[in-house]
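All remarks here apply to the structure that follows.
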Amino acid sequence: MSKMITVSIEIEEFDSMSQLAEEDEVLMARAIDSAASAYAPYSNFHVGAAVLLENGETVTGNNQENVAYPSGLCAERVALFTAGAHFPDVPIKTIAITAQSESFDISEPLAPCGACRQVMVEYEKKYTGKIRVILKGETGKIWVVQSINDILPFSFSSDKLKSL
Ligand code: THU
């Protein structure tokens with residue numbers, strides 16, 4: 001006998017940046033600015049991330065590509081690792097992520113790659129607090145989730161290394 005298990009997530013959807021809470025709007029504006037400085041000569045896909053820390057500091061990052069493609073890094077990890085390096089003891093409150101393409105309109109909220117979600121899970125465990133995620137394309141809806149767990153359920157995390 002088997003049974004189906006349903007996992008559901010809650011996404012808060014906004015029509016525009018001006019509908020966001022002011023703190024979130026400011027953070028997303030920093031992510032948009034950061035995307036403009038991405039080094040993306042191979043994909044022409046410019047991603048920006050802005051991480052808001054509990055101490056009020058904001059750390060930004062953008063994708064950094066390399067001719068040896070796997071050597072590049074996504075915007076989210078550039079921002080998260082920079083935050084981890086400079087403020088190792090300060091919990092992360094929110095990450096805002098957005099992208100701009102040189103060749104088409106990104107009209108849906110940007111979906112972070114699996115590796116970046118895994119890194120976000122690590123920081124949620126490290127700081128034992130939920131990290132909010134704000135996702136935006138160039139146009140279209142903006143999505144807000146209250147925890148990385150919402151966009152990476154059933155994840156591998158440090159507690160899985162111990163027996164139950
Ligand atoms: N990229 C990010 O920076 N973040 C994501 O969540 C998805 C993809 C970058 C990696 C690469 O430089 C370009 O976008 C195209 O994949």
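If you're wondering where the values come from, they're calculated on a predicted model, not measured in any experiment. The first residue of the sequence shown is numbered 1, and numbering continues consecutively from there. Atoms within a ligand are numbered from 1 in the order they appear, just like the ligands themselves.
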Exercise. Report the member of P41, C74, C116 with the shortest heavy-atom distance to atom 7 (C) of ligand 1.
Key: C74
Exercise. Could you tell me which non-hydrogen atom of E124 sits nearest to which non-hydrogen atom of N149, and how far apart they are?
Key: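 Between these two residues, the closest heavy atoms are OE1-N, 3.9 Å.
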Quiz item: What's the shortest heavy-atom distance between T58 and R30, and which atoms?
Solution: CB-NH1, 3.8 Å
Exercise. Starting from the C-alpha separation in whole Å, work towards a yes-or-no answer on side chain to side chain contact (heavy atoms under 4.5 Å, CB included) for D33 and T60.
Key: CA-CA 9 Å; D33 281 352; T60 60; over 6 Å; no
Quiz prompt | Protein contact to atom 3 (O) of ligand 1 [nearest heavy atom, distance to 0.1 Å] | solution =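 I find the closest protein heavy atom is A75 N, 2.9 Å.
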Quiz item: Looking only at protein heavy atoms, which one is nearest to atom 12 (O) of ligand 1, and how far off is it?
Solution: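 Scanning the protein heavy atoms, the shortest distance from atom 12 (O) of ligand 1 goes to E65 OE2, 2.5 Å.
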Quiz item: Is there at least one protein heavy-atom neighbour under 4.0 Å from atom 14 (O) of ligand 1?
Solution: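 True for atom 14 (O) of ligand 1.
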Quiz item: Is V47 close to ligand 1, meaning an N/O of one under 3.5 Å from an N/O of the other?
Solution: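 By distance alone, the answer is no.
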Practice problem: Could you say whether the N/O atoms of S43 and ligand 1 ever approach to under 3.5 Å? | Solution: no
Self-check item: Any donor-acceptor N/O pair, T98 side chain to K136 backbone, under 3.5 Å
Solution: yes
Within the 4.0 Å heavy-atom shell around [X], which atoms of ligand 1 are there?
{"X": "C113", "result": "6 (O)"}
{"X": "F45", "result": "14 (O)"}
{"X": "N63", "result": "3 (O), 9 (C), 11 (C), 12 (O), 13 (C), 14 (O)"}
{"X": "P112", "result": "6 (O)"}

Quiz item: So, S16 versus S18: side-chain donor-acceptor pair below 3.5 Å or not?
Solution: yes
Quiz prompt | Which residues share a side-chain hydrogen bond (donor to acceptor under 3.5 Å, both in side chains) with N66, sequence neighbours left out | solution = none
Quiz item: How does E76 reach ligand 1, if at all, at less than 4.0 Å between non-hydrogen atoms: by side chain, backbone, both, or neither?
Solution: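 Just the side chain.
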Practice problem: Mind jotting down which residue pairs meet the ring pair (Phe, Tyr, Trp, His ring centres under 6.0 Å) criterion with at least one end in residues 85-106? Sequence neighbours excluded, please. | Solution: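 Pairs touching residues 85-106 that pass the test: none.
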Quiz item: Is the Y123 ring parallel, tilted or perpendicular to the Y127 ring (thresholds 30°, 60°)?
Solution: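 Judged by the thresholds at 30° and 60°, the geometry between Y123 and Y127 is parallel.
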